[in-house]
Amino acid sequence: QVQLVESGGGLVQAGGSLRLSCAASGRAFSSYAMGWFRQAPGKEREFVAAISWNDGSTRYADSVKDRFTISRDNARKMVYLQMNSLKPEDTAVYYCAASGPWGSKWQRGEYDYWGQGTQVTVSS
């Protein structure tokens, strides 16, 4: 069982930056791939970024590539999403998710645990 709590959301002007954090509790955090997803009003939830449990490989949605960076600190059981050059279309509730333990289902977008989300609003 993994519990996830996101923080770091807020209101920022276009072009600004935010860093989201996700604190995990439970055992074997390092065996879970971690991901960030977002859901804008009236839209379906979409994939943003993911980081593997083993080799640190990462994946990004095309819409955020070169602007967002996902990272993890296994010792602290934390996952981060650094968001730069923010755009109004990045406005959404951002969710942290865990996939595992082990395996490759995260590469198919299959996640087992979800946080409650944190609101990010980018003003133009």
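Every heavy atom of this structure was used, including side-chain atoms; hydrogens, water molecules and symmetry mates were not.
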If you group Ile, Leu, Val, Met, Phe, Trp and Tyr by side-chain heavy-atom gaps below 4.5 Å, do [X] and [Y] land in one group?
{"X": "Tyr80", "Y": "Val2", "value": "no"}
{"X": "Tyr95", "Y": "Leu81", "value": "no"}
{"X": "Val64", "Y": "Val12", "value": "yes"}
{"X": "Tyr111", "Y": "Val48", "value": "no"}
{"X": "Phe47", "Y": "Val120", "value": "no"}

Heavy-atom closest pair, residues [X] and [Y]:
{"X": "Gly100", "Y": "Asp112", "value": "N-OD2, 2.9 Å"}
{"X": "Arg59", "Y": "Gln107", "value": "NH1-O, 3.3 Å"}
{"X": "Ala28", "Y": "Tyr32", "value": "O-CD1, 3.1 Å"}
{"X": "Gly9", "Y": "Thr118", "value": "N-OG1, 3.2 Å"}
{"X": "Ala92", "Y": "Ala40", "value": "CB-N, 3.8 Å"}
{"X": "Ser17", "Y": "Ser85", "value": "OG-N, 4.3 Å"}

Exercise. Looking at Phe29, is Arg72 sitting on its ring face, NZ or CZ under 6.0 Å from the six-membered ring centre and within 45 degrees of the normal?
Worked result: yes
Value rounded to 0.5 Å, distance of [atom1] in [X] from [atom2] in [Y]:
{"X": "Gln82", "Y": "Leu18", "atom1": "CD", "atom2": "CG", "result": "8.5 Å"}
{"X": "Gln3", "Y": "Gln116", "atom1": "CD", "atom2": "CD", "result": "11.5 Å"}
{"X": "Lys77", "Y": "Cys22", "atom1": "NZ", "atom2": "SG", "result": "12.5 Å"}
{"X": "Ser7", "Y": "Tyr94", "atom1": "OG", "atom2": "OH", "result": "15.0 Å"}
{"X": "Trp106", "Y": "Ile51", "atom1": "CH2", "atom2": "CD1", "result": "8.5 Å"}
{"X": "Glu6", "Y": "Trp114", "atom1": "CD", "atom2": "CH2", "result": "10.0 Å"}

Exercise. Does Asp90 come within less than 4.0 Å of Lys87, counting only side-chain N to carboxylate O?
Worked result: no
Problem set entry | Counterpart residues, side-chain hydrogen bond (donor to acceptor under 3.5 Å, both in side chains), relative to Lys43 (two or more places apart) | none
Does the side chain of [Y] come within less than 4.5 Å of [X]'s, by heavy atoms?
{"X": "Val122", "Y": "Met83", "answer": "no"}
{"X": "Met34", "Y": "Cys96", "answer": "yes"}
{"X": "Gln119", "Y": "Thr91", "answer": "yes"}
{"X": "Met78", "Y": "Ser21", "answer": "yes"}

Exercise. Is the backbone of Ser99 close enough, under 3.5 Å, to the side chain of Trp53 for a donor and an acceptor to pair up by distance?
Worked result: no
For this session: Look at atom CG of Asp66 and say whether more than 12 heavy atoms of other residues, nucleotides or ligands are closer to it than 6.0 Å.
Result: no
For this session: Return yes when atom CZ of Arg108 has more than 12 non-hydrogen atoms of other residues, nucleotides or ligands closer than 6.0 Å, and no otherwise.
Result: yes
Exercise. Between Phe68 and Trp36, does the ring centroid distance fall short of 6.0 Å?
Worked result: no
